[in-house]
Each structure stands twice: as structure tokens, then as C-alpha cells.
Amino acid sequence: MKWRGSRESDNVEDRRSVSGGKIAVGGGVIGIIILLLNIFGGENAKMITPVLEQMQGGQTQTEAAAPLSKEDEEMGHFVRSVLAKTEDTWGKIFAENGMTYKKPKLVLFKGSVQTACGGASSASGPFYCPADQKVYMDLGFFEELKTRFGAEGGDFAIAYVIAHEIGHHVQTLLGTSAKMHQEQEGKSQAEANKLSVALELQADFYAGVWAHDNQEVLEAGDIEEALSAANAVGDDAIQSKMQGQIVPDSFTHGTSEQRMYWFKKGFKTGDINQGTTFEEIR
């Protein structure tokens, strides 16, 4: 991805050198399961993280944060550049539709972080907190994505995840998230899960719309990196890897095929009106 020299957002809170806090020692089975369940977080991470921390109990320790390395600083510049491009894209799209885009904050942290949605650890994966309208990311997640879950890695895989989480912010601004939660009331768990899947797939679609609007910065292999990441975190891929069987009624984020399909559709059309994931599941 060609990002160097481009505008960097002022809306990144870099807490990596000051956060520290509780960090899981060794992780263990519980940590891995929670990481998989919360991958890309969405709005459910706040409910799972406290359970993780309680169950891990003695497996945590307090660790002082180290100064940022040159690589850390470089990644900070990259994240600011990507966030700036999401601001430009969604600012333009909202203006075209007679609305004003409210820019979210993106918080970089290591180990653990406090949010308006509660405490969270790096085991939660990247997530969006609607209560404070901030995206939270521990960049160590992307090494896990590559080494543990088989994704190709690469800078555009990170850009895709950022764009996906910003997609959740767009859903909050448009009222989609609130409407989805209302529709979940009174539904069976399986039906409620379908609505959650639709929300996540729409965020993937919005990430594709963002990529469509930024084709001038794409390099060979970038889209493949994004698709590899989407493929690695499909519910079916995760369940197959972790439990050896697939239970469709328990899906909350969508299959690998669905996640790739909706990202590609957003990238191909660039039209937010084509993100009809809720209609597709009915």
C-alpha cells in the first residue's frame, strides 16, 4: 500500500508507551478461545473480556510499557495515514448524502486498555466501542492473524481491519447498529446471531467501499491480503480449527466465503446502497 507522504490523522491516541497494565502470561486455551470468539470484536467484545480476565485470574501480571521502537513508530504513522483516508472517504460519502461525518478516534494500546465499554485486553482483538465512538487496536493482533490463523499478513490486511472497524462507526452514525439491537430483542439466539452476522458483513462491505475509493494507493497483492485476512476469520474457519466441527446457528460474523464476498462487492461497486446484508439474511 502506497501510504508514505500522505496526510496523517490527528485522531489517533497512541497509548502504547503508557498503557501497560495486565497482560496475559502464556495465554492458554481460554485466551485463545476468547481471541477467536472476539476477532474483529465488533460490539460484543465488552461482554467477553471481563469473563476472560476473571477466568485467567492468576495468569495475568502487571508489566511496565517499554518505549516505542522505530518499527512501532513506523506503524503509528501507517495507522494515522489509513485513518486519514477513512476520514476522507466517509466525509465525502456522507456529504454526498446530505450528512456530516463525525470522525472517530482510534486508540493504539499494548496489553490492556480501559474503554467506555469496559476493560479490554489484547485477547479481544481489534474492536469498536459505540459508547465512546473509538476503535481500539493492539497491533500485536496482526502477528497472531498471520502465524496462528494462516492469513498472509501485509500492511493492507491491517488497513482492511481498520476499515472494517470504521465500518462499525458508520453503522453507529447511521443508526444501523441501534436498529439491529432492537430487532434482536425477543428473537431466538440463532435468529439474533443472523442479525449480528449481517452487521459484520456490512462492515466488511464498507471496508470494500473504502478500498474502492482509494484504488490509487493500492499495490499488487493488496486486495489479496485483505481477502486472506477475511478468509482466516470466518466463523466456519475458526470453528473448524478450534473444535473440529461447524455450527452455523452459532455464527456471529459470517463464513469465510461471505466475508470475502461482501468485501469484494464493496470494492467492486463503491456504492454504499449495495450493502444489503440484512436483506440477504431474511
>> Tell me whether Asp72 contacts the main-chain N or O of Ser69 through its side chain, where contact means a donor paired with an acceptor under 3.5 Å.
In response: yes
> Regarding His77 and Glu74, is there a side-chain donor-to-acceptor distance under 3.5 Å anywhere?
Replying inline: no
>> Please check if the number of heavy atoms outside Lys2 that lie under 6.0 Å from its NZ is greater than 12.
In response: yes
> Can Glu73 and Lys70 be counted as an ion pair, charged N to O under 4.0 angstrom?
Replying inline: no
> Of Val107, Leu108, Asp138, which is the lone residue that meets side chain to side chain contact (heavy atoms under 4.5 Å, CB included) with Arg16?
Replying inline: Leu108
> How long is the gap from NZ on Lys110 to CZ on Arg15, to the nearest 0.5 Å?
Replying inline: 15.5 Å
> With no hydrogens and no angle check, do the side chains of Thr252 and Ser196 hold a donor and an acceptor under 3.5 Å apart?
Replying inline: no
>> Testing the basics here: between Phe251 and Val197, what is the closest heavy-atom pair and its distance to 0.1 Å?
In response: O-CG2, 3.4 Å
> Under 3.5 Å, side chain of Ser228 to main-chain N/O of Glu225, donor-acceptor pair present?
Replying inline: no
>> Assess, by modelled atom type and distance only, whether the side chains of Gln258 and His253 contain a donor and an acceptor separated by less than 3.5 Å.
In response: no
> Looking at CG of Leu83 and CG of Leu106, how far apart are the two atoms once the value is rounded to the nearest 0.5 Å?
Replying inline: 5.5 Å
> Quick check: does any side chain N or O of Gln202 sit under 3.5 Å from a backbone N or O of Gly275, one acting as donor and the other as acceptor?
Replying inline: yes
> Do Tyr101 and His169 have ring centres separated by under 6.0 Å?
Replying inline: yes
> Taking all non-hydrogen atoms of both residues, which atom of Val209 and which atom of Trp90 are closest, and how far apart?
Replying inline: CG1-CH2, 4.5 Å
>> The test is side-chain contact (heavy atoms from CB on, under 4.5 Å); show your working for Lys92 and Asp213 and say whether it passes.
In response: CA-CA 10 Å; Lys92 179 180 65 176; Asp213 193 56; 2.4 Å; yes
> Is Phe109 reachable from Leu68 through a run of I, L, V, M, F, W or Y residues, each pair having side-chain heavy atoms under 4.5 Å apart?
Replying inline: no
> Looking only at heavy atoms, what is the nearest atom pair of Trp210 and Ala159, with distance?
Replying inline: CH2-CB, 3.9 Å
> Under 3.5 Å, side chain of Glu8 to main-chain N/O of Ser81, donor-acceptor pair present?
Replying inline: no
>> Between Val161 and Ile158, is the side-chain contact (heavy atoms from CB on, under 4.5 Å) condition met? List the steps.
In response: CA-CA 5 Å; Val161 173; Ile158 300 175; 5.8 Å; no
>> I need the Lys105 NZ to Tyr136 OH distance, nearest 0.5 Å.
In response: 11.0 Å
>> Looking at Thr255, is its backbone amide N or carbonyl O close enough to the side chain of Asp235 to form a donor-acceptor pair, meaning the two atoms are under 3.5 Å apart?
In response: no
> Is there a side-chain hydrogen bond (donor to acceptor under 3.5 Å, both in side chains) between Glu87 and Ser9 once you walk through the steps?
Replying inline: CA-CA 8 Å; Glu87 293 169 348; Ser9 174; 2.7 Å; yes
>> Surrounding CD of Glu71 (heavy atoms of other residues, nucleotides or ligands, distance under 6.0 Å), is the total greater than 12?
In response: no
> What are the two closest non-hydrogen atoms of Asn97 and Ile93, and how far apart are they?
Replying inline: ND2-O, 2.8 Å
>> Under the criterion side-chain contact (heavy atoms from CB on, under 4.5 Å), I'd like the reasoning laid out for Asn214 against Met1: C-alpha separation, chi angles, the key distance, then a yes or no.
In response: CA-CA 10 Å; Asn214 288 273; Met1 179 178 175; over 6 Å; no
> What distance separates Lys264 NZ from Thr269 OG1, expressed to the nearest 0.5 Å?
Replying inline: 13.5 Å
> Heavy-atom distance under 4.5 Å between the side chains of Met75 and Asp14, does that happen here?
Replying inline: no
> Quick one: side chain to side chain donor-acceptor pair (under 3.5 Å) partners of Ser256, sequence neighbours excluded?
Replying inline: Asp236
>> Between Val135 and Leu174, is there shared hydrophobic-cluster membership here, with clusters defined by ILVMFWY side-chain heavy atoms closer than 4.5 Å?
In response: yes
> Is there a side-chain contact (heavy atoms from CB on, under 4.5 Å) between Gln133 and Leu173 once you walk through the steps?
Replying inline: CA-CA 9 Å; Gln133 297 190 1; Leu173 296 181; 4.2 Å; yes
>> Nearest 0.5 Å, please: how far is CE in Met260 from CG in Leu227?
In response: 6.5 Å
> Could you go step by step and tell me if Thr115 and Asp132 meet the side-chain hydrogen bond (donor to acceptor under 3.5 Å, both in side chains) rule?
Replying inline: CA-CA 8 Å; Thr115 82; Asp132 57 20; 4.9 Å; no
>> With heavy-atom distances below 4.5 Å as the criterion, would you say the side chains of Asn193 and Asp249 are in contact?
In response: no
> Can you name the nearest heavy-atom pair linking Ser177 to His168, along with the distance?
Replying inline: OG-O, 4.2 Å
> Around atom NZ of Lys134, are there more than 12 heavy atoms of other residues, nucleotides or ligands at under 6.0 Å?
Replying inline: yes
> Considering residues, nucleotides and ligands other than Asp271, do more than 12 of their heavy atoms fall under 6.0 Å from its CG?
Replying inline: yes
> How many angstroms lie between atom CD of Glu183 and atom CZ of Phe278, to the nearest 0.5 angstrom?
Replying inline: 7.0 Å
>> Taking ring pair (Phe, Tyr, Trp, His ring centres under 6.0 Å) as the cut-off, I'd like each qualifying pair that reaches into residues 257-277, sequence neighbours left out, listed once.
In response: Tyr160-Phe263
>> Using every non-hydrogen atom in the two residues, find where Ser250 and Gln239 come nearest and quote the distance to one decimal.
In response: OG-NE2, 2.6 Å
>> Which label fits Trp3 and Phe78: parallel for a plane angle under 30°, tilted from 30 to 60°, or perpendicular past 60°?
In response: perpendicular
> Does atom NZ of Lys187 have more than 12 heavy-atom neighbours from other groups under 6.0 Å away?
Replying inline: yes
> Would a hydrophobic clustering, with Ile, Leu, Val, Met, Phe, Trp and Tyr connected at side-chain separations under 4.5 Å, put Tyr128 with Ile272?
Replying inline: yes
>> Looking at Glu13, I'd like to know if its CD atom is crowded, meaning that more than 12 non-hydrogen atoms belonging to other residues, nucleotides or ligands lie closer than 6.0 Å.
In response: yes
